[in-house]
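Everything on this sheet refers to the single structure shown next.
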Amino acid sequence: ILNVEQSPQSLHVQEGDSTNFTCSFPSSNFYALHWYRWETAKSPEALFVMTLNGDEKKKGRISATLNTKEGYSYLYIKGSQPEDSATYLCASRNNAGNMLTFGGGTRLMVKP
Amino acid sequence: DTGVSQDPRHKITKRGQNVTFRCDPISEHNRLYWYRQTLGQGPEFLTYFQNEAQLEKSRLLSDRFSAERPKGSFSTLEIQRTEQGDSAMYLCASSLNGVDYGYTFGSGTRLTVV
């Protein structure tokens, strides 16, 4: 069973602040790392799927990095906006199965 | 195709009753997953289908839970003899084959067992 940990559990920032969260996962038998954004009353939405060590992906003001050797990924949000308020979930997949194991999420609240 | 739909959105049931949820995935997606999420936790894997075949099932899943995906299209998740501990958000997701594809989630079914 994978243990995927996310920190912090919650975060309050002011509009315009840049912020980042951490996801740690077992590095052995690593296959893929996913990031999702989950806004209240909506469905989780895929942000990134990353597989290669050292990979960096970007989508607008949001970017993510991946270190598969040490088992962590960072998600960065530049210039946070109130609409970025959501729970950010990371999930890891190893090569022993097809399912994702999710972390507990980081709940971000951006104050105008 | 408007995405993954789940029905019902909310279900309140008395302890001991059976409930069934439905998930309609994106039609081109051959993979379908069920997850359960409780307050303050991340989604927890329940089961996975590739087409109509149920390929993986969580060891944590009691035998009161059963899932089907006849004809490889929609899926149903049934919980028999519900318990208060079954109260959770039940999420369905679908995806294409291949490691580069993220999941598309439905909005979930929130179950409350009273």
Side-chain angles (χ1 to χ4, degrees), chain A residues 1-10 21 23-25 29-53 55 57 59 62 64 66 68 73 75 86-107, chain B residues 1-7 9-10 23-26 29-51 53-61 67 69 88-110:
Chain A
I1 296 177
L2 294 181
N3 283 322
V4 179
E5 304 286 341
Q6 291 187 248
S7 64
Q9 278 191 312
S10 65
F21 329 131
C23 172
S24 62
F25 54 88
N29 302 316
F30 172 81
Y31 194 75
L33 192 284
H34 293 217
W35 281 100
Y36 291 84
R37 175 169 58 202
W38 195 358
E39 296 179 64
T40 303
K42 294 188 178 179
S43 315
E45 172 199 356
L47 289 174
F48 305 113
V49 178
M50 307 171 80
T51 57
L52 300 175
N53 184 46
D55 203 4
K57 294 206 172 182
K59 187 176 183 178
I62 304 177
L66 179 66
T68 62
S73 175
L75 188 81
T87 296
Y88 290 82
L89 293 165
C90 75
S92 180
R93 178 183 162 187
N94 65 19
N95 54 23
N98 287 291
M99 83 285 193
L100 293 176
T101 299
F102 282 84
T106 292
R107 187 175 174 213
Chain B
D1 201 343
T2 55
V4 177
S5 25
Q6 292 188 245
D7 183 67
R9 290 293 300 270
H10 304 274
C23 172
D24 287 88
I26 292 175
H29 288 183
N30 55 358
R31 292 185 173 182
L32 186 146
Y33 307 84
W34 285 99
Y35 281 78
R36 174 174 64 190
Q37 192 249 351
T38 53
L39 199 62
Q41 306 293 318
E44 173 192 32
F45 171 74
L46 294 178
T47 191
Y48 151 64
F49 290 85
Q50 178 140 334
N51 300 313
Q54 187 174 19
L55 296 186
E56 289 183 48
K57 190 173 175 182
S58 169
R59 287 170 291 174
L60 304 173
L61 204 61
R69 192 183 181 196
M89 173 75 85
Y90 289 83
L91 290 164
C92 175
S94 67
S95 75
L96 291 165
N97 269 343
V99 68
D100 291 324
Y101 298 104
Y103 292 4
T104 301
F105 279 91
S107 298
T109 293
R110 182 164 294 284

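Chain A is the first sequence line, chain B the second, and so forth, proteins listed ahead of strands; every chain is numbered from 1. Just the heavy atoms: all of them, side chains too, but no hydrogens, waters or symmetry mates, feed the values below.
Taking non-hydrogen atoms and a 4.5 Å limit, the residue list of residues 88-95 of chain B in contact with chain A, ordered by number, reads Leu91(B).
For Ala41(A), the part lying near chain B is the backbone, with the side chain staying farther off; criterion is any non-hydrogen pair under 4.5 Å. For a residue to count as touching a neighbouring chain, one of its non-hydrogen atoms must lie under 4.5 Å from one of that chain's; by this rule Trp35(A) does not touch chain B. Looking at Arg9(B), the atoms closer than 4.5 Å to chain A (heavy atoms on both sides) all sit in the side chain, from C-beta outward. Interface residue Glu56(B): only side-chain heavy atoms are found under 4.5 Å from chain A. For a residue to count as touching a neighbouring chain, one of its non-hydrogen atoms must lie under 4.5 Å from one of that chain's; by this rule Tyr33(B) touches chain A with the side chain only. In this structure, chain B has heavy atoms under 4.5 Å from both the backbone and the side chain of Leu100(A).
Judged by distance alone, with hydrogens and angles left aside, the side-chain atoms of Tyr36(A) form no donor-acceptor pair with the main-chain N or O of Gly102(B) at under 3.5 Å.
By the 4.5 Å heavy-atom criterion applied to side chains, Ser43(A) and Val4(B) are not counted as neighbours. At a threshold of 4.5 Å between non-hydrogen side-chain atoms, the residues Phe102(A) and Tyr35(B) count as touching.
Between chain B and the residues Ala46(A), Cys90(A), Gly105(A), Gly104(A), the largest count of heavy-atom pairs under 4.5 Å involves Gly104(A). Most heavy-atom pairs under 4.5 Å with chain A, from the set Gly40(B), Gly42(B), Pro43(B), Ser107(B): that is Pro43(B).
Taking a 6.0 Å sphere around CZ of Arg69(B), one finds it holds more than 12 heavy atoms contributed by other residues, nucleotides or ligands.
Atom CD of Gln37(B) sits about 7.5 Å away from atom CG of Leu89(A), to the nearest 0.5 Å.
Listed by chain and number, the residues in a salt bridge (Lys or Arg N to Asp or Glu O under 4.0 Å) with Arg36(B) are Glu44(B) (sequence neighbours excluded). Taking the salt bridge (Lys or Arg N to Asp or Glu O under 4.0 Å) definition, one finds that Lys42(A) meets it with Glu39(A), sequence neighbours left out.
For the salt bridge (charged side-chain N to carboxylate O under 4.0 Å, His left out) condition, no pair includes a residue of residues 96-106 of chain A, sequence neighbours left out.
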